[in-house]
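To start, the structure itself, in structure tokens.
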Amino acid sequence: MEGLRLDIVTPDKVVLNAEVDYVGACGVDGQFGLLPQHAPLLSALKVGDLYYRQGNETHWVFIAGGFAQISDNKVTILAESAELASDIDVERAQEAKARAEKRLAEPQSDTDLARAELALQRAVSRIRVASR
Ligand code: ATP
């Protein structure tokens, strides 16, 4: 059976071009999976992890929100930022997590809580993806 072409791009770089069998992603309305012959779809993505299967192997990618589109067996992910699990700097993510947790625990008058919450979600998700 024909597979899927998966392209993950950010404003800075092409993160992945690969032939895959399945893609799982975190849409704003919930998780969804894409197999070959899927109907055309456009979905906004949450901060979270995306995975794809190639045969028996599963690979994980961090996605910091964006959009997923599928048509003609081609999946395009336009992400605000994205990293393959192997490219994640875990120490950096742990530092970002600690900064965000401190901002949320001890908010100042100028603290943007929503921004800190999103930074925390990115950091936690990066740490999770890197440990897969
Ligand atoms: P930080 O506070 O550490 O910058 P952030 O969540 O604010 O984290 P982003 O704005 O999502 O960072 O990303 C900025 C750039 O840095 C992107 O190119 C992203 O891929 C990269 N990046 C951020 N954190 C990491 C990490 N832990 N490992 C690898 N690349 C990272």
Side-chain angles (χ1 to χ4, degrees):
M1 186 171 70
E2 198 185 344
L4 290 170
R5 169 96 192 164
L6 172 62
D7 293 328
I8 302 178
V9 297
T10 73
D12 297 333
K13 62 185 174 191
V14 176
V15 176
L16 184 79
N17 296 130
E19 297 294 327
V20 307
D21 301 312
Y22 180 86
V23 178
C26 296
V28 289
D29 298 322
Q31 299 218 348
F32 62 88
L34 302 172
L35 284 162
Q37 312 303 336
H38 198 288
L41 168 94
L42 177 64
S43 172
L45 298 176
K46 288 198 295 200
V47 172
D49 23 314
L50 174 147
Y51 67 98
Y52 60 93
R53 291 208 187 106
Q54 286 174 317
N56 293 330
E57 291 187 0
T58 302
H59 303 269
W60 297 85
V61 186
F62 165 76
I63 303 287
F67 293 92
Q69 183 189 31
I70 180 168
S71 69
D72 298 330
N73 287 335
K74 187 168 155 49
V75 180
T76 306
I77 308 291
L78 301 173
E80 287 164 33
S81 59
E83 296 111 40
L84 305 180
S86 55
D87 289 337
I88 292 174
D89 178 340
V90 175
E91 202 173 312
R92 175 173 168 176
Q94 279 164 345
E95 286 167 7
K97 177 171 177 278
R99 277 197 308 277
E101 283 172 341
K102 187 164 189 296
R103 286 201 178 98
L104 290 167
E106 301 161 25
Q108 309 294 306
S109 57
D110 61 349
T111 300
D112 181 338
L113 291 173
R115 183 175 163 184
E117 185 58 48
L118 276 172
L120 179 60
Q121 283 177 26
R122 289 195 299 276
V124 168
S125 189
R126 281 182 170 116
I127 292 165
R128 190 177 56 235
V129 169
S131 73
R132 297 257 195 206

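Just so you know, residue 1 is the first one in the sequence shown, and it goes up from there. Side-chain atoms are counted along with the backbone in the values below, which use heavy atoms only and exclude waters and symmetry mates. In listed order, ligands and their atoms are each counted from 1.
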| query | Any idea which atoms of ligand 1 are less than 4.0 Å away from a heavy-atom of Ala93? | reply | 27 (N)
| request: From the options Ile77, Val129, Leu16, Val75, select the one residue that forms a side chain to side chain contact (heavy atoms under 4.5 Å, CB included) with Leu50. | output: Ile77
| note | Nearest non-hydrogen protein atom to atom 7 (O) of ligand 1, with distance, is Arg122 NH2, 3.2 Å
| How close do Gln94 and Ile127 get, heavy atom to heavy atom, and via which atoms? | CG-CD1, 3.8 Å
| For Leu45 and Ala25, which heavy atoms make the closest approach, and how far apart are they? | CD2-CB, 4.0 Å
| message | Test of understanding: given a 4.0 Å heavy-atom threshold, classify the contact between Arg99 and ligand 1 as side chain, backbone, both, or neither. | response | side chain
| note | Tightest non-hydrogen contact, residues Val28 and Lys46, listed as CA-CG, 3.7 Å
| request: Taking all heavy atoms of Cys26 and all of Phe32, pick out the closest pair and write down the distance. | output: C-CE2, 4.5 Å
| said: With heavy-atom distances below 4.0 Å as the criterion, list the atoms of ligand 1 near Ser81. | reply: 11 (O), 13 (O), 17 (C), 19 (C), 20 (O)
| Can you tell which of Glu80, Arg92, Glu91 gets a heavy atom nearest to atom 16 (O) of ligand 1? | Arg92
| message | Tell me the protein heavy atom at minimum distance from atom 9 (P) of ligand 1, and give that distance in Å. | response | Arg126 NH2, 3.8 Å
| request: State, with a plain yes or no, whether a side-chain heavy atom of Arg126 is found less than 4.5 Å away from one of Ser81. | output: yes
| field | ligand 1 versus Asp12: contacting region, heavy-atom distance under 4.0 Å | value | side chain
| Among all protein non-hydrogen atoms, which one is nearest to atom 20 (O) of ligand 1, and what is the separation to 0.1 Å? | Glu83 OE2, 2.4 Å
| Among protein heavy atoms, which sits nearest to atom 27 (N) of ligand 1, and what does the distance come to when rounded to 0.1 Å? | Asp89 O, 2.9 Å
| Using heavy atoms and a threshold below 4.0 Å, how should the contact between Ala64 and ligand 1 be classified: side chain, backbone, both, or neither? | neither
| Nearest heavy-atom neighbours spanning Asn73 and His38 | OD1-N, 4.5 Å
